[in-house]
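Let me begin by presenting the structure, written as structure tokens, before commenting on it.
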Amino acid sequence: MRWSKAFIPTLRDDPADAEAVSHKLLVRGGYIRQLMSGVYSVLPLGQRVRERVMAIIREEIDAIGGQEFLLPQLHPSSIWEQTGRAETMADIIMSFKDNKGAKIILGPTHEEIFATAATELTSYKQLPQLWYHIQTKFRDEARPKSGLLRVREFTMKDSYTFDMDFAGLDIQFDRHFDAYMRIFHRLGMEAVAVRASSGAMGGKESVEFMVRSEVGEDDVAACTSCDYAANLETATSRLDPIDDSGYGGELERFATPGVRTIDDLARFDGGVQPDRQIKTLVYVLDGELTLILLRGDHTLQEQKLQDATQSIELHAAQAEEIHTLLGADPGSLGAVGVEEVRVLTDVALQDRRGMTTGANENDFHVRCVDIERDISVGEWVDIRMVEEGEACPECGEPLEVYPAIEVGHIFKLGTFYAEKLGLSVLDENGQKTPIVMGSYGIGVERSMAASIEANHDDRGIVWPVDVAPYHVVITVVRTDDERSREVSTSLYDELTAGGVDVLLDDRDERPGVKFTDAELIGIPLRITVGPRGLDAGVVEFTERQTGDQREVAIADAAPEVLRFLGRTT
RNA sequence: CGGGCUGUAGCGCAGCUUGGUUAGCGCGCAGCGUUUGGGACGCUGAGGUCGUCAGUUCAAAUCUGACCAGCCCGACCA
């Protein structure tokens with residue numbers, strides 16, 4: 001492609017509405033333009049990268065036996081109602097009525113539709129299967145952000161596996177795991193696999209692939225020593241035991257005027273340190289008011305709470321609801337003596353004695369609380385948010401917590417969809433048996449953006465060779481120089497004929513503009529052709545990533561490019 | 001959904017407090033000329049329903065109200 005004919009609208013200034021580096025560079029580099037919140041037009045350069053990302057994914061999924069489909073974006077809402085997800089995913093589903101009045105859902109994911117296709121599987125002899133497609137998804141995210149990192153319309157590679165049993169599922173799951181690690185590596189990212197919450201997917205086990213980044217929206221707790229890593233939504237840690245000996249005694253109510261917070265009580269004369277307090281929260285879980293007990297210095301992890309209770313909708317209770325339930329306001333709440341209310345207690349409070357908590361009367365607390373003795377615990381659950389520096393649950397070394405971008409997520413779904421949608425095969429004995437499913441997703445545009453977050457410098461994008469929109473840019477320093485035109489054109493022709501994607505910068509611009517643009521859009525190799533070099537019979541190679549420059553004899557240029565690209569000559 | 005901020009030319013911005021005639025600046029864009037190894041310079045020129053609607057006023061980019069859109073923080077979210 002000749003740059004003079006290409007539509008590559010680069011910008012000098014950062015777009016005013018961009019914050020994330022990948023967003024700024026994608027817009028400035030002429031890769032994308034925003035159409036509306038969370039919806040982007042992909043320009044020619046962006047489309048080339050997108051195609052390369054999809055090609056890499058396709059290669060790796062084909063390599064583990066994937067068969068490519070293309071399932072629709074328009075789904076009848078009835079199928080979503082059968083699995084119950086029309087309701088559980090209602091807040092992100094985009095839908096409309098067709099001209100006959102039928103409700104159509106714009107697919108946010110394709111478990112239901114692949115499962116529908118899989119109803120034609122009838123025999124164990126047909127299993128296992130690995131099906132996938134690369135298709136547009138629609139999700140009405142409440143708050144799209146950061147350019148391509150969080151959008152409402154995007155492309156996803158989603159695969160689905162169908163097996164006789166969980167052992168088969170495990171094999172397909174592991175194959176996907178390995179394929180995903182290869183894919184992200186080829187996309188220029190070092191992904192970390194973490195244990196995750198499977199949320200509304202209806203699954204039992206899931207692994208997320210995370211790329212460490214300041215603009216990431218998830219938090220990962222990772223061991224500094226062993227390979228333990230988990231999304232903060234599921235992470236656990238080992239706590240130092242607290243010695244409660246010497247804290248026995250009878251319950252004692254005492255006045256705490258003005259004390260409303262854990263810290264207040266820690267500073268109060270006659271109060272105690274946060275780890276000797278019980279924090280009492282009131283949540284509404286699927287409509288039921290529930291007490292949540294945590295150690296005073298601990299924080300609730302809402303996703304862990306949701307997973308532990310299998311609740312669909314939860315939120316903190318309103319002040320009035322709390323007062324009606326317990327007769328006091330937040331700051332003076334406790335579970336001592338509370339009956340007939342569901343109480344969920346974090347496991348960090350197990351066996352604790354000599355604790356202090358609110359008395360359910362404003363300005364009063366209770367001390368010498370023995371959890372087992374004085375509180376109707378209800379259920380013990382792990383719902384505490386892990387903090388940086390706590391001990392790894394597996395090896396005891398410190399955990400670190402960092403933000404990361406979720407670029408992929410794989411799920412062991414089990415038989416949820418089989419049961420809802422009637423997926424079954426006959427086994428060797430002629431017995432009807434439900435099909436065991438897995439699902440596996442990679443966000444294509446998000447991966448593009450994440451790759452930029454991981455591969456850029458202050459001049460622009462630094463694409464890995466495999467995903468760059470062009471491998472090489474030939475920068476013609478003087479377009480009015482006859483020799484420069486001849487050499488650059490013949491090199492362009494030779495490389496193009498050899499299967500190299502070349503951008504020939506033949507624009508009538510000053511050299512500085514061309515160099516800056518080439519670096520901004522991130523082409524891995526620049527070949528500078530100008531009178532200065534041609535006098536010595538050479539062109540100049542500049543590697544985007546390292547900045548290394550070297551002179552190459554004109555005749556050696558093409559083979560040198562192939563060597564750079566890792567192709568043998 | 002709560003909080004904050006912003007809508008003026010393709011991009012980035014000023015002007016609004018204190019209403020007043022042809023609404024400015026930089027970049028970019030077109031033509032001509034000079035230039036040409038790290039975002040050149042001169043001259044000429046094109047390009048704007050000032051987010052939308054309503055109101056106040058002799059007069060609204062500017063004041064008032066409603067609405068719409070976008071960004072950021074939070075909530076929410078495979």
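Since the model is a prediction, treat every value here as computed from it, not as a measurement. Per chain, numbering begins at 1; letters A, B, ... match sequence-line order.
On the C1' atoms, B:rA14 is 29 Å away from B:rC58, given to the nearest whole Å. Separation of the C1' atoms belonging to B:rA60 and B:rG15 is 14 Å when rounded to the nearest angstrom. Comparing B:rA69 with B:rG28, their P atoms sit 35 Å apart, to the nearest whole Å. Here, B:rC16 and B:rU6 have their P atoms 14 Å apart, quoted to the whole Å. Comparing B:rC13 with B:rU18, their P atoms are spaced 26 Å from each other, to the whole Å. The C1' atoms of B:rG37 and B:rU49 are separated by 47 Å, rounded to the nearest whole Å. Nucleotides B:rG38 and B:rC43 are separated by 25 Å at their P atoms, to the nearest Å. Of the P atoms belonging to B:rU36 and B:rC73, the separation is 48 Å, rounded to the nearest Å.
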So which protein N/O to nucleotides 46-50 of chain B N/O distances come out below 3.5 Å?
none

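Residues A:I64 and A:R182 form a side-chain contact, since some pair of their non-hydrogen atoms from C-beta on lies under 4.5 Å apart.
Between A:H110 and A:H75, the angle of the ring planes goes over 60°, which puts this pair in the perpendicular group of the 30/60° scheme. Note: A:F209 and A:Y180 have tilted aromatic rings, judged against thresholds of 30 and 60 degrees for the angle between ring planes. In this structure, A:Y40 and A:H23 have perpendicular ring planes: the angle between them is above 60°, well past the 30° mark.
Of all nucleotides listed (B:rU36, B:rC77, B:rG37), B:rG37 comes nearest to the side chain of A:E540.
A:D480 comes within 4.0 angstrom of a nucleotide base, judged by non-hydrogen atoms across all strands. A:G530 comes within contact range of at least one nucleobase, with a heavy-atom separation under 4.0 Å. Note on A:P108: a base of the nucleic acid sits closer than 4.0 angstrom, heavy atoms only.
Remark: the A:R175 side chain and the A:Y440 side chain contain no N/O donor-acceptor pair separated by less than 3.5 Å.
The strand RNA chain B forms stems, runs of 3 or more Watson-Crick or G-U wobble pairs with distances below 3.5 Å, at B:1-7 with B:68-74, B:10-13 with B:24-27, B:29-34 with B:40-45, B:51-55 with B:63-67.
In this structure, the CD atom of A:E233 is 14 Å from the C1' atom of B:rA75, given to the nearest Å. Rounded to whole Å, atom C1' of B:rG74 lies 12 Å from atom CD of A:E302. Between the CD atom of A:Q303 and the C1' atom of B:rA75 there is a distance of 14 Å, rounded to whole Å. The interatomic distance linking A:D17 (CG) with B:rG51 (C1') rounds to 15 Å, in whole Å. Rounded to whole angstrom, the span from the CZ atom of A:R85 across to the C1' atom of B:rC77 amounts to 13 Å. As rounded to whole Å, 6 Å separates atom P of B:rC73 from atom CD of A:E19. In this structure, the OH atom of A:Y40 is 10 Å from the P atom of B:rG70, given to the nearest Å. When rounded to the nearest whole Å, the span between CE of A:M89 and C1' of B:rC77 equals 9 Å.
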If you look only at distance, which donor and acceptor atoms sit under 3.5 Å apart when one is on a side chain in residues 511-532 of chain A and the other is two or more places apart or in another chain?
from, atom 1, to, atom 2, distance (Å)
A:K514, NZ, A:V476, O, 2.7
A:K514, NZ, A:D505, O, 3.3
A:K514, NZ, A:R507, O, 2.6
A:T516, OG1, A:G512, O, 2.6
A:D517, OD1, A:T10, OG1, 3.1
A:D517, OD2, A:R507, NH1, 3.0
A:D517, OD2, A:R507, NH2, 3.2
A:E519, OE2, A:R459, NH1, 3.2
A:R526, NE, A:T528, OG1, 3.2

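When the salt bridge (Lys or Arg N to Asp or Glu O under 4.0 Å) test is applied to A:D506, the partners found at least two apart in sequence or on another chain are A:R2. Every residue meeting the salt bridge (Lys or Arg N to Asp or Glu O under 4.0 Å) condition with A:E445, not counting sequence neighbours, appears here in chain and number order: A:R50. Residues satisfying the salt bridge (Lys or Arg N to Asp or Glu O under 4.0 Å) criterion with A:R33, sequence neighbours excluded, are absent altogether. Scored by the salt bridge (Lys or Arg N to Asp or Glu O under 4.0 Å) test, A:K137 finds A:D158 as partners (sequence neighbours excluded). For A:W3, there are no ring pair (Phe, Tyr, Trp, His ring centres under 6.0 Å) partners two or more places apart in sequence or in a different chain. With sequence neighbours excluded, the residues satisfying side-chain hydrogen bond (donor to acceptor under 3.5 Å, both in side chains) with A:E482 are A:R485.
Closest approach of A:V444 to A:K157, counting heavy atoms only: CG2-N, 4.2 Å. Scanning all heavy atoms of the two residues, the minimum distance from A:A557 to A:V539 falls at CB-CG2, 4.1 Å.
Both A:A20 and A:G533 lie close to RNA chain B; mapped to their nearest nucleotides by heavy-atom distance, the more 5′-ward contact belongs to A:G533. Place A:F154 and A:D13 on RNA chain B by their nearest nucleotides, and A:D13 ends up nearer the 5' end.
Within a heavy-atom distance below 4.0 Å of RNA chain B, the residues of residues 141-150 of chain A found are A:E141, A:A142, A:R143, A:P144, A:K145, A:S146, A:R150. Listed in residue order, the members of residues 67-77 of chain A having a heavy atom less than 4.0 Å from RNA chain B come to none.
Residue A:T83 forms a side-chain hydrogen bond (donor to acceptor under 3.5 Å, both in side chains) with just one option from A:K420, A:E112, A:E111, and that option is A:E112.
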Would you mind building the protein contact string for nucleotides 38-45 of chain B? One character per nucleotide, 5' to 3', B for base within reach (heavy atoms under 4.0 Å), S for sugar-phosphate only, - for untouched. BBB-----

Working for ring pair (Phe, Tyr, Trp, His ring centres under 6.0 Å), residues A:Y417 and A:Y160: CA-CA 11 Å; A:Y417 293 92; A:Y160 303 85; 8.6 Å; no

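Contact check, A:Q34 against B:rC71: a side-chain N or O comes under 4.0 Å of OP1 or OP2. Between A:T475 and B:rG37 there is no side-chain N or O to OP1 or OP2 distance below 4.0 Å.
Surrounding CD of A:Q545 are at most 12 heavy atoms belonging to other residues, nucleotides or ligands under 6.0 Å away.
For A:H471 and A:F564, the distance between ring centers is not under 6.0 angstrom.
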